[in-house]
Amino acid sequence: MTACEFGLNDYHINNGDGTFREGKLPGLHGGFSMGITVTDIDNDGFGDPYIANMYSKAGERIVANMRPGLYDDEVYKKMQEFVEGNELLRNKGDGTFTAIGKSAGVNDVGWAYGTGASDLDGDGFPEIYAPVGYQSVDKTKPDG
């Protein structure tokens, strides 16, 4: 799997014979991705990718306030995905994933660049770390 800042992220499945086939990731665009870490968030033996995407609350507000019908549906759906933030993909174990970043509450950390995961508290489950490079100018008005 690779993260692409200005296009679609891609994912290839090892066929076990020295070749790979292209897999499908959820979503239309994949976000403005700046890094990926793979961990096993639910200890089921399958790697779950966490993808760092550039995100800002300002961008989310702009897209949310666009006039209906301004763009065709497919373009508008891509724009909505642009501002959803980081994504956590739960591996189904069959080469497919379910996007759960928003429902898991790990999507809107700011403009994340690199990510990591480790069991920091020793409970048997990994914690996700996502450093950000976008800083709000005023702490009372967070933009990132």
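Side chain of Glu87 to backbone of Gly101: a donor-acceptor contact under 3.5 angstrom is found. No donor-acceptor pair closer than 3.5 Å links the side chain of Asn107 to the backbone N or O of Asn86. Side-chain atoms of Asp73 never come within 3.5 Å of backbone atoms of Lys77 as a donor-acceptor pair (strictly under, hydrogens ignored). With hydrogens and angles ignored, the 3.5 Å screen pairs no side-chain donor or acceptor of Asn91 with any backbone N or O of Asp48. Within the 3.5 Å criterion, the main-chain N or O of Phe32 finds no donor-acceptor partner in the side chain of Glu5. No donor-acceptor pair closer than 3.5 Å links the side chain of Thr98 to the backbone N or O of Arg90. Asn14 contributes no side-chain N or O that, together with a main-chain N or O of Phe20, makes up a donor-acceptor pair within less than 3.5 Å.
For Met1 against Leu89, the heavy-atom pair with the smallest separation is CE-CD1, 4.5 Å. What you find for Pro26 and Ala99 is that their closest heavy atoms are CG-N, 4.1 Å. Contact between Asn9 and Cys4 at its shortest, heavy atoms only, is OD1-N, 2.7 Å. Looking at every heavy atom in both residues, Ser33 comes nearest to Ala3 through CB-CB, 3.6 Å. The minimum heavy-atom distance linking Thr115 with Ile36 is given by the pair OG1-C, 3.6 Å. Listed here is the closest heavy atom pair of Tyr71 and Tyr76: CB-N, 4.3 Å.
Atom-to-atom distance recorded for Lys102:NZ and Asp108:CG is 8.5 Å, nearest 0.5 angstrom. Here CG of Asn53 is found 11.5 Å from OH of Tyr113. Values are rounded to the nearest 0.5 Å. Rounding to the nearest 0.5 angstrom, the gap separating the OH atom in Tyr129 from the CG atom in Leu120 is 10.5 Å. Between atom CD of residue Glu84 and atom CE of residue Met79 there is a gap of 13.0 Å, rounded to the nearest 0.5 Å. To the nearest 0.5 Å, the span separating CG on Asp121 from CD on Glu127 amounts to 4.0 Å.
Both Ile13 and Ile51 are part of a single hydrophobic cluster, where members link through side-chain heavy atoms under 4.5 Å apart. In the hydrophobic clustering of ILVMFWY residues, with side-chain heavy atoms under 4.5 Å counting as a link, Val83 and Met66 come out together. Using a 4.5 Å cut-off between side-chain heavy atoms of Ile, Leu, Val, Met, Phe, Trp and Tyr, with links allowed through other members, Tyr50 and Phe46 fall into different hydrophobic clusters. Residues Val109 and Ile100 are members of one and the same hydrophobic cluster, defined by side-chain heavy-atom contacts under 4.5 angstrom among Ile, Leu, Val, Met, Phe, Trp and Tyr. Cluster membership check: Phe125 does not share its hydrophobic cluster with Leu88, using side-chain heavy-atom separations under 4.5 Å among Ile, Leu, Val, Met, Phe, Trp and Tyr.
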